[in-house]
Amino acid sequence: MAISLKRRLLDNTDIIAAMGIVGIVVMMVVPLPAGLLDILITLNISGSILTLMLAVFAKDPLEFSALPSLLLMMTLFRLSLNISTTRLVLLDGYAGQVIQQFAQFVIRGNMVVGFIVFSILVIVQFIVITKGAERVSEVAARFTLDAMPGKQMAIDADLNAGMINEQQARQRRKAIQQQADFYGAMDGSTKFIKGDAIAAIIILFVNIIGGFISGVVMQGLPLLDAIQKYTMLTIGDGLVSQIPALLISTATGLVVTRAASDKNLGEDLSKQLFRNPKALFITSGVLTVLAFLGLPPFPMLTVAAVLLGAGIILQKSSKVSVVEETAAARESEIEESKKPENVLNLLHIDHMELELGYALIALVDVQQGGDLLDRIVLIRRQIASELGFIVPVIRVRDNMNLQPNQYIIKIRGAEIASGEILADHYMAMSSGFDDDAIPGTPTKEPAFGLDAKWINAMYREQAELSGWMVVDSPTVLATHITEVIKTQAWEILNRQDVKTLIDHAKEQAPSVVDELIPDILSLGQVQKVLANLLRERVSIRDMVSILETLADSALVTKDVDRLTEHVRQALARQILQPLVGKDKTLPVITLDPQIEQKILDSIQPSDYGTFLALDPKILQVLIQNLTREVEKVMLKGLTPVIICAPLVRINLKRVTERQLPQLMVLSYNELVQGVQVQAVGMVGMDRAS
């Protein structure tokens with residue numbers, strides 16, 4: 001029964017809150033009996049005490065995020081009680097037992113004392129607590145808003161470094177937003193408390209003057225009796241309302257002044273005030289000296305003895321706790337090392353890693369102006385836009401075994417690329433004229449191997465005016481990372497990444513995905529096709545078209561290389577777009593038909609796909625002649641492209657990708673309507689025989 005009632009109350013808290021607010025407003029208009037007012041006044045006092053206790057035990061301000069709205073409701077409730085009690089005081093000369101007994105208990109029936117006590121309470125609340133809480137809320141709100149961009153960047157940095165996942169990042173961003181909203185709301189809600197204190201002073205004088213007129217004129221009481229009666233009731237009413245208001249103000253001050261901690265106020269105070277026995281000993285000594293200088297010896301020596309005893313006990317306990325903590329830490333380390341999970345963690349290998357020498361740490365340190373982590377975020381977005389490939393989180397860490405200016409890029413724990421950069425210099429790539437005019441340290445641009453120099457910042461403007469391309473060191477590193485990702489994307493892509501891409505495509509074309517996987521092709525076969533495309537930097541962003549082509553072609557063949565060729569034909573316009581000029585012409589190198597036929601006859605199938613079983617001497621001459629033609633094309637400022645038969649294409653690409661990685665190999669089937677092919681060279685059979 002009790003559980004059912006509790007559940008009903010919890011399910012209808014919104015209705016209860018709405019009825020409560022309406023009831024508070026109704027109280028201002030509808031007269032209430034004295035007995036009901038006693039209950040409501042008691043409820044006001046108990047609610048204020050409860051609010052104070054919640055503020056004391058809160059470990060974080062956001063644990064009491066409802067406080068701004070609660071302040072408004074409590075203030076409105078208190079003002080409604082003031083209006084109701086004022087009505088009864090002026091009409092009946094009686095406002096219930098709570099106000100009557102409160103006046104007798106606190107001020108013992110003395111009007112002067114009561115007026116002074118009430119004034120002090122209002123002054124303390126208005127000038128000390130409320131004013132301070134208002135200022136703290138204002139400053140906290142301003143600083144929280146100013147710090148939001150930095151905190152957001154820190155979250156993105158932790159996400160890129162792999163320290164947190166996407167869900168944790170969303171939770172931290174939400175907490176930052178809630179913190180800003182909370183302090184902004186508290187800045188405004190403290191105005192309610194200030195207004196309540198001002199209203200209390202006005203209500204006090206209104207009640208005294210109104211009571212005096214009501215008692216003398218309307219009830220015919222003697223002047224002194226009217227002053228005595230209504231002043232006592234008014235002061236009692238003021239004390240009953242201002243003490244809860246003081247508690248609420250104190251709770252507000254406690255919440256807004258709480259710093260970040262994982263403990264409540266009592267635990268923090270006890271831990272921080274009594275953590276140092278020396279402070280207790282010195283305080284005890286000062287009190288003892290004051291006692292001998294003439295101050296009352298009994299209270300001074302009593303407190304000094306208590307502090308001395310507390311210091312001795314604390315000193316002994318701290319020594320014991322240090323020994324216990326050391327022993328517990330050793331036992332914990334031993335137990336932790338025995339756990340199988342501790343060994344399993346060592347087996348984890350990150351998809352991508354960036355290791356930096358200690359001189360390059362400033363590139364990722366936000367406090368030192370480093371923005372490399374932000375650049376990595378942009379790199380991941382750029383790759384997703386260009387290649388349709390989601391780059392996994394790149395873990396950035398320092399490595400003291402590296403040279404100070406050295407960095408290493410790893411994929412699955414293996415070093416893929418490395419380089420050296422000077423964090424406080426600029427890299428200038430030669431304009432080709434008067435290379436010695438700009439002083440600097442000769443080097444190689446790490447991404448493309450171009451000749452360059454590291455120059456001091458003072459020569460940057462001179463180099464730019466001389467036609468040099470000048471970039472800062474974070475840009476050099478970011479460019480290298482981007483090029484490594486584009487080159488090795490096919491190796492980074494795994495089945496889980498493919499599953500994510502397919503799930504995204506399923507939202508657009510569920511029927512295609514359901515038809516293809518797993519009935520026609522497995523996830524692994526699709527992954528191999530996508531890896532073949534990425535290996536030649538073909539974007540897989542149009543995943544729906546790729547899957548539709550696979551669904552059609554896989555009914556004829558399951559060979560991954562042939563499936564790749566079918567997909568390339570479907571993406572032909574996308575592949576040709578960056579190669580075709582404005583006049584719709586495509587400059588290409590062609591193969592002599594005889595050598596093309598010889599290559600076609602040399603293609604052999606195997607368990608690992610097809611391979612080219614060509615005579616090594618013929619292959620060597622072919623590469624040499626092809627290299628000569630590629631150099632001619634590049635001297636004309638064109639992208640080297642060779643065109644051949646579809647079955648030859650992928651095998652020719654594989655034998656040339658190491659010596660000629662810049663060579664684009666196309667098949668005849670990839671030529672789309674409207675593109676004019678212009679032969680700019682040929683690799684002849686007579687030279688390769």
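One is the number of the first residue; the rest follow in order along the sequence.
When each of Leu671, Ile589, Leu586 is checked for a side chain to side chain contact (heavy atoms under 4.5 Å, CB included) with Ile643, only Leu671 meets the rule. For the side chain to side chain donor-acceptor pair (under 3.5 Å) test with Glu355, the passing option among Arg395, Arg397, Lys410 is Lys410; the others fail.
For the pair Asp371 and Asp374, the minimum side-chain heavy-atom distance is below 4.5 Å. Leu571 has its side chain out of reach of Thr549: every pair of non-hydrogen atoms, C-beta onward, lies at least 4.5 Å apart. A 4.5 Å side-chain heavy-atom check between Ile642 and Leu666 finds every atom pair outside the cut-off. Side-chain contact between Pro446 and Val476 is present, with at least one heavy-atom pair separated by less than 4.5 Å. Residues Lys444 and Leu450 form no side-chain contact, since every pair of their non-hydrogen atoms from C-beta on lies 4.5 Å or further apart. Put simply, the side chain of Ile492 reaches to within 4.5 Å of the side chain of Met352, judged on heavy atoms. The shortest distance between side-chain heavy atoms of Ile394 and Ile379 does not fall below 4.5 Å. Residues Ile540 and Val567 have side chains not in contact (no heavy-atom distance under 4.5 Å, counting atoms from C-beta outward).
Without hydrogens or angle criteria, Glu565 side chain to Leu647 main chain gives no donor-acceptor distance under 3.5 Å. Checked by atom type and distance alone, the side chain of Arg412 pairs as donor or acceptor with a backbone atom of Glu491 at under 3.5 Å. In this structure a side-chain-to-backbone donor-acceptor pair under 3.5 Å is missing from Lys528 to Gly524. Panel note: side chain Lys653, backbone Leu663; a donor-acceptor pair is recorded below 3.5 Å.
Residue-environment remark: CD (Gln508) exceeds the threshold of 12 foreign heavy atoms within 6.0 Å. Around the NZ atom of Lys499, the shell of radius 6.0 Å holds no more than 12 heavy atoms that belong to other residues, nucleotides or ligands. Within 6.0 Å of CE on Met400 lie more than 12 heavy atoms contributed by other residues, nucleotides or ligands. Atom OH of Tyr358 sits in a sparse spot, with 12 or fewer heavy atoms from other residues, nucleotides or ligands closer than 6.0 Å. Within 6.0 Å of the CD atom in Gln403, the count of heavy atoms belonging to other residues, nucleotides or ligands does not exceed 12. Gln574 CD: more than 12 foreign heavy atoms inside a 6.0 Å radius.
For His566 and Asp552, the side-chain atoms include no donor-acceptor pair closer than 3.5 Å. Inspection of the Gln597 and Asp601 side chains reveals an N or O donor paired with an N or O acceptor under 3.5 Å. Looking at Asp559 and Thr557, their side chains never bring a donor and an acceptor atom within 3.5 Å of each other. A donor atom on one side chain and an acceptor atom on the other are found under 3.5 Å apart for Glu386 and Gln382. If you check the side chains of Asn651 and Arg654, you find no donor sitting under 3.5 Å from an acceptor. Judged purely by distance below 3.5 Å, without hydrogens or angles, the side chains of Thr487 and Arg537 pair a donor atom with an acceptor atom.
Residues Ala489 and Leu387 come closest through the heavy atom pair CB-CD1, 4.3 Å. Here the closest heavy-atom approach between residue Arg649 and residue Cys644 is recorded as CA-SG, 3.5 Å. Taking each heavy atom of Glu536 and Val665 in turn, the nearest pair found is OE1-O, 4.2 Å.
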Original post:
Step by step, would you call Leu579 with Met664 a side chain to side chain contact (heavy atoms under 4.5 Å, CB included)?
Top reply: CA-CA 9 Å; Leu579 304 176; Met664 296 285 295; 4.0 Å; yes

Subject >> CA sep, side-chain torsions, deciding dist, call: Thr443, Met427, side chain to side chain contact (heavy atoms under 4.5 Å, CB included) >> reply: CA-CA 9 Å; Thr443 185; Met427 176 174 282; 3.9 Å; yes

**OP:** Given side chain to side chain donor-acceptor pair (under 3.5 Å), test Asn532 with Arg535 step by step and report yes or no.
**Re:** CA-CA 5 Å; Asn532 280 345; Arg535 190 168 184 171; 5.1 Å; no

**OP:** Take Tyr407 and Ile421 through the side chain to side chain contact (heavy atoms under 4.5 Å, CB included) test and state the conclusion after the steps.
**Re:** CA-CA 8 Å; Tyr407 65 89; Ile421 58 177; 3.9 Å; yes

Original post:
When you look at Arg375 and Asp472, which way does the salt bridge (charged side-chain N to carboxylate O under 4.0 Å, His left out) test go after all the steps?
Top reply: CA-CA 13 Å; Arg375 292 173 183 258; Asp472 56 7; 3.4 Å; yes

Original post:
Going through the distances and angles, do Val683 and Thr590 end up as a side chain to side chain contact (heavy atoms under 4.5 Å, CB included)?
Top reply: CA-CA 6 Å; Val683 179; Thr590 59; over 6 Å; no

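Residues forming a side chain to side chain contact (heavy atoms under 4.5 Å, CB included) with Thr479 (at least two apart in sequence, or on another chain): Glu445, Ala447, Phe448, Thr475.
For the atom pair CG (Leu501) and CZ (Phe389), the distance works out to 8.5 Å, reported to the nearest 0.5 Å.
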